[in-house]
Amino acid sequence: MKVLILAADGVEDLELFYPLYRFKEQGFEVDVAGPKAGPITGKHGYTIEADLSFDDIDAEDYDMLFLPGGKGPETVRLSDKAVSVTRQMFEAGKCVAAICHGAQILVSAGVIEGKRATCWAGVRDDIRAAGANYRDEEVVIDGNLITSRQPDDLPAFCRAIFEMVGAESTAAASGRWSSSL
């Protein structure tokens, strides 16, 4: 499983790092893309190196897209390439997971109309205006789309992602993961 994360300065650190390390724990290959390759500084001062720039992304190389929240999505959605990649991956039926303000990228990509979704409460009017059926729930799944509201929802959000991509059952079968932990 190869995961693409789209991020920019101001990303909510917890919403980036918690899933990132859960993905790596499952043995997923993860690339972080930013406006340019190099450091991205989160809202709380943590940094991560973007492996590549938005312009260097090939959507065909990835099985899943993850969109963390915070203020970073405001920058990500200004990139035509990042928005195009989001649309391509969504339309290809790949798992697309967004938390918090990450839903702003879905709005810009034009993929949220007619979908059930959730997000940070401050973005709910944006997704409603884009035609989504907003739900105030910790995780909302609609087809290949998984959305969540905030950092407190991360455990349920990650469980939903792993269930969709079949990761936990694969990890459990290999002995790397146990539901009794």
Joint hydrophobic cluster, L20 plus L4, side-chain heavy atoms closer than 4.5 Å: no
Might you point out which heavy atoms bring C100 and G70 nearest each other, and give the distance in Å? SG-N, 4.0 Å
Kindly say whether I40 contributes a backbone atom to a donor-acceptor pair with the side chain of D9 at under 3.5 angstrom? no
Carboxylate-amine/guanidinium proximity below 4.0 Å for E74 and K71: no
Does the side chain of V85 reach to within under 4.5 Å of the side chain of F54, using non-hydrogen atoms? no
Any chance you could measure F90, atom CZ, to L145, atom CG, to the nearest 0.5 Å? 5.5 Å
Please determine whether residues M1 and I141 belong to a single hydrophobic cluster, defined as Ile, Leu, Val, Met, Phe, Trp and Tyr linked transitively by side-chain heavy-atom distances below 4.5 Å. yes
Do T118 side-chain atoms and V140 backbone N/O form a donor-acceptor pair below 3.5 Å? no
Is there a donor-acceptor contact under 3.5 Å from the side chain of K81 to the main chain of I57? yes
State the OH-CG distance between Y134 and D126, to the nearest 0.5 angstrom. 11.5 Å
Angle class for the F28/F162 ring planes (parallel below 30°, perpendicular above 60°, tilted otherwise)? perpendicular
Check this for me, if you would: do K2 and D61 make a salt bridge, where the nitrogen-to-carboxylate-oxygen distance has to be below 4.0 angstrom? no
Same apolar cluster (I L V M F W Y, side chains within < 4.5 Å links), L78/V83: no
Checking side chain to side chain contact (heavy atoms under 4.5 Å, CB included) between V139 and each of I146, I161, T147, which is the one that passes? I146
Looking at every heavy atom in both G45 and D13, which two are closest together, and how far apart are they? N-OD2, 3.8 Å
Donor-acceptor pair, distance only, cut-off 3.5 Å: does the side chain of E12 make one with the backbone of G69? no
List the atom pairs, donor and acceptor, that lie under 3.5 Å between side-chain atoms in residues 30-37 and the rest of the protein, sequence neighbours left out.
| from | atom 1 | to | atom 2 | distance (Å) |
| --- | --- | --- | --- | --- |
| D31 | OD2 | Y62 | OH | 2.6 |

According to salt bridge (charged side-chain N to carboxylate O under 4.0 Å, His left out), does anything in residues 98-120 pair up with another residue at least two apart or in another chain? List the pairs. K115-D142, R116-D142
More than 12 heavy atoms of other residues, nucleotides or ligands under 6.0 Å from CG of D80: yes or no? no
From OG (S148) to CD (E138), nearest 0.5 Å: 6.5 Å
Please assess I127 against L106 for the test side chain to side chain contact (heavy atoms under 4.5 Å, CB included), listing each intermediate value before the final yes or no. CA-CA 8 Å; I127 71 166; L106 301 172; over 6 Å; no
Do the side chains of L16 and I105 join up, straight or via other hydrophobic residues, at under 4.5 Å, putting them in one cluster? no
Give me the one residue out of D51, D56, D55 that meets side-chain hydrogen bond (donor to acceptor under 3.5 Å, both in side chains) with S53. D56
Can you name the residues that form a side chain to side chain donor-acceptor pair (under 3.5 Å) with S79, not counting sequence neighbours? none
Smallest heavy-atom separation, Q88 atom then A59 atom, equals OE1-CB, 3.4 Å
Heavy-atom pair with the smallest gap, counting every atom of C95 and M164: SG-SD, 3.5 Å
According to a 4.5 Å side-chain heavy-atom criterion applied to Ile, Leu, Val, Met, Phe, Trp and Tyr, with indirect links allowed, do M64 and L6 form part of one hydrophobic cluster? no
Please determine whether the number of non-hydrogen atoms from other residues, nucleotides or ligands lying under 6.0 Å from atom CD of E49 exceeds 12. yes
Mind listing the closest non-hydrogen atom pair of K43 and G10 along with its distance? CB-O, 3.6 Å
What distance do E91 atom CD and T86 atom OG1 have between them, rounded to the nearest 0.5 Å? 11.0 Å
Between F17 and I48, is any pair of side-chain heavy atoms under 4.5 Å apart? yes
Does the gap between the ring centers of F157 and Y18 come in under 6.0 Å? no
Ignoring hydrogens, what is the shortest heavy-atom contact between P19 and F66? Give both atom names and the distance. CG-CZ, 3.5 Å
Output for pair (L14 CG, L154 CG), nearest 0.5 Å, gives 5.5 Å
Straight-line distance of M89 CE to L67 CG, nearest 0.5 Å: 9.0 Å
Output yes when a side-chain donor or acceptor of D153 lies under 3.5 Å from a complementary backbone atom of R149, and no otherwise. yes
